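The analysis underlying the following values was restricted to heavy atoms, covering all of them including side chains, and did not include hydrogens, waters or symmetry mates. Just follow the structure's listing: the first ligand is 1, and inside any ligand the first atom is 1. Just so we're clear, the structure is a prediction, and the values are computed from it rather than from any experiment.
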Amino acid sequence: MKCSIRGAITVDSNTREDILLNTRTLLKEIINSNNIELDSITSILFTATRDLDAAYPAVAARELGIVNASLMCAQEMYVRDSLGMCIRVQVEVETGRTQRDMNFVYLKDAVKLRPDIAGRGKNIAVAIDGPAGSGKSTVARELAAELGFIYVDTGAMYRSIGYKCLENDVDTANEETVAELAEKINMEICYIEGKQRIFADAVDITDSIRTQEVADAASAVAKIPDVRRILVKLQREIAKNNNVIMDGRDIGSNVLPDAQVKVYLDADVAERAKRRCGELAQKGVEADFYKVLDEIMARDKQDKERKVNPLVIAEDATIIDTTDMKIVQVKQEIAELIREAML
Ligand code: DC
């Protein structure tokens, strides 16, 4: 029987790389969530909105090894106020199943096109928690880009508040003043070419928050209940409307208790200090291993022992010890959990 599977995804920029990456993500998701063989695909029609002209999306199908199907790309007509930067596909398959068994796939902003499907709990939340240096952010960032999910780095939010305290000479131990400051900061998270940028009061502070001084201030302000209340609200709002991979300390246990996938990444503390020294060396900063080790142990203690939403392993989390693992292995393991959750 011939069946049609529809899908759409939005892209962040009109570049060849972004168009092909997102089209591959969409096709992989259609193939995985419908459990179809590549050979059963007879044709695919691709359309792109008029603001996308850097590549033919069909190239992504050939890259995935879909070699026998006939492929056709067309530009969509322009409709005022409609969703832009969008690629749609119609995949024709020859299968033993019926049309009613087919799952349509709408990813990223394209979920707005099919609220009926998005509303069936199709938004996926992946929570990745763990101590500093366990590999969370690299794994979460890379996986999100590969799967077309939004990566939410919640540590950056606590760092922003720590940064503003340092900038305004606010003592991070003074809960009341820090909470007042946190309430006033106009924090904006946006995604430029798929990367999270964080703005505080209209200033892009994404790069300035990556110092040890800011990390210590972040860990101190993260103890304050009002600070957590403000940031957790923002984090939940982002997850409500998007497929997200969110990393932090309390994501699986507190921010997104219903996340379909929960992972706790851990690693031996000496290995984590070694990784941190490596990162600093890449930036041209020579660091003392034992000093870095002390800083990490102090931050672990502070994050695990604080009263509100400490770093804990959520009951239903999968624990992955990354001490002897390569990033690519960790990513594969988590990608497998995500695929299982999406079926
Ligand atoms: O992951 P990171 O180093 O960027 O996080 C900075 C600090 O913020 C960290 O010491 C603990 C805190 N944090 C938190 O308490 N809860 C989160 N969800 C994320 C980070």
Side-chain angles (χ1 to χ4, degrees), residues 125-141 144 150-166 172-173 175 178-179 182 185 187 189 195-198 200 205-239 244-257 259 262-267 269 272-273 275-277 279-280 283 287 292-314 317 322:
V126 180
I128 304 187
D129 291 299
S134 55
K136 294 185 308 284
S137 54
T138 313
V139 165
R141 189 177 52 245
I150 282 188
Y151 166 48
V152 189
D153 169 4
T154 61
M157 299 181 182
Y158 291 93
R159 282 173 184 259
S160 300
I161 297 192
Y163 175 84
K164 288 298 266 185
C165 287
L166 295 172
T172 51
E175 299 206 357
V178 177
I185 299 172
M187 192 182 295
I189 311 278
K195 297 204 174 76
Q196 175 177 297
R197 309 263 346 151
I198 191 154
I205 56 167
T206 314
D207 302 319
S208 328
I209 57 174
R210 296 288 148 202
T211 64
Q212 187 56 43
E213 204 189 1
V214 175
D216 294 340
S219 194
V221 301
K223 286 196 290 197
I224 304 173
D226 277 335
V227 168
R228 302 202 73 84
R229 178 182 49 76
I230 294 165
L231 295 185
V232 168
K233 183 164 175 261
L234 190 61
Q235 291 154 12
R236 288 184 180 147
E237 265 164 30
I238 300 175
V244 292
I245 299 191
M246 192 176 279
D247 79 4
R249 305 291 188 285
D250 61 335
I251 310 305
S253 58
N254 170 52
V255 181
L256 305 174
K262 294 185 187 177
V263 178
Y264 186 92
L265 290 189
D266 211 344
V269 68
R272 292 191 277 127
R275 288 177 191 168
R276 179 74 190 135
C277 289
E279 277 166 23
L280 290 168
K283 289 186 198 157
V292 171
L293 186 68
D294 278 350
E295 280 161 359
I296 289 190
M297 289 201 296
R299 210 137 69 90
D300 280 0
K301 185 169 156 55
Q302 179 135 278
D303 293 341
K304 285 181 180 164
E305 291 182 1
R306 67 162 174 253
K307 289 203 183 70
V308 222
N309 312 135
L311 169 64
V312 286
I313 306 175
T322 69

Would you confirm whether Arg249, through its side chain, and Pro310, through its main-chain N or O, come within 3.5 Å as a donor-acceptor pair? no
Say whether, by atom type as modelled, one donor and one acceptor occur between the side chain of Arg236 and the main chain of Val255 under 3.5 angstrom. yes
Between Asp226 and Glu175, does a side chain to side chain contact (heavy atoms under 4.5 Å, CB included) hold up when you go through it step by step? CA-CA 8 Å; Asp226 277 335; Glu175 299 206 357; over 6 Å; no
With atoms numbered from 1 as shown, which atoms in ligand 1 lie under 4.0 angstrom from a non-hydrogen atom of Gly248? 17 (C), 18 (N), 19 (C)
For Asp294, what residues pass the side chain to side chain donor-acceptor pair (under 3.5 Å) criterion, not counting sequence neighbours? none
For Ala218, atoms of ligand 1 separated by under 4.0 Å from a heavy atom: 6 (C), 7 (C)
Quick one: look up the protein heavy atom nearest atom 19 (C) of ligand 1 and list residue, atom name and how far away it is. Thr154 OG1, 3.3 Å
Check ligand 1 against Asp303 and write out every atom of the ligand that is under 4.0 Å from a heavy-atom position of the residue. 9 (C), 10 (O), 11 (C)
Within the 4.0 Å heavy-atom shell around Arg306, which atoms of ligand 1 are there? 14 (C), 15 (O), 16 (N)
Can you list the atoms of ligand 1 that are under 4.0 Å from a heavy atom of Ser219? 10 (O)
Say whether Tyr158, considering both its backbone and side-chain N or O atoms, lies within less than 3.5 Å of an N or O atom on ligand 1. no
Taking atom 1 (O) of ligand 1 as the reference point, the nearest protein heavy atom with its distance: Arg249 NH1, 2.9 Å
What protein heavy atom is closest to atom 18 (N) of ligand 1, reported as residue, atom name and distance in Å? Asp250 OD1, 2.8 Å
Could you see which bit of Met157 sits under 4.0 Å from ligand 1, with heavy atoms only: side chain, backbone, both or neither? neither
For atom 5 (O) of ligand 1, which of the options Ala217, Gly133, Gly155 provides the nearest non-hydrogen atom? Gly155
Subset of ligand 1 atoms that lie under 4.0 Å from at least one heavy atom of Ala222: 12 (C), 15 (O)
Charged N to carboxylate O under 4.0 angstrom, Arg197 versus Asp153? no
So for ligand 1, is Arg299 a polar contact partner (N or O within less than 3.5 Å, distance only)? yes
Of all protein heavy atoms, the one nearest atom 4 (O) of ligand 1 is Arg159 NE, 2.7 Å
Can you confirm whether the side chains of Arg275 and Thr322 place a donor and an acceptor under 3.5 Å from each other? yes
Would you tell me which option among Gln302, Arg228, Gln235 has the nearest heavy-atom contact to atom 15 (O) of ligand 1? Arg228
If we ignore hydrogens and angles and just use 3.5 Å, is the side chain of Thr206 paired with the main-chain N or O of Ile198 as donor and acceptor? yes
Does this structure show an ion pair linking Arg306 with Asp303, if we count only N-O contacts that are shorter than 4.0 Å? yes
Contact partition for Ala132 relative to ligand 1, non-hydrogen atoms under 4.0 Å: neither
Working to the nearest 0.5 Å, report the span between CE of Met157 and CE of Met187. 7.0 Å
Counting distance only, does the side-chain N/O of Asp247 pair as donor-acceptor with the main-chain N or O of Ile128 below 3.5 Å? no
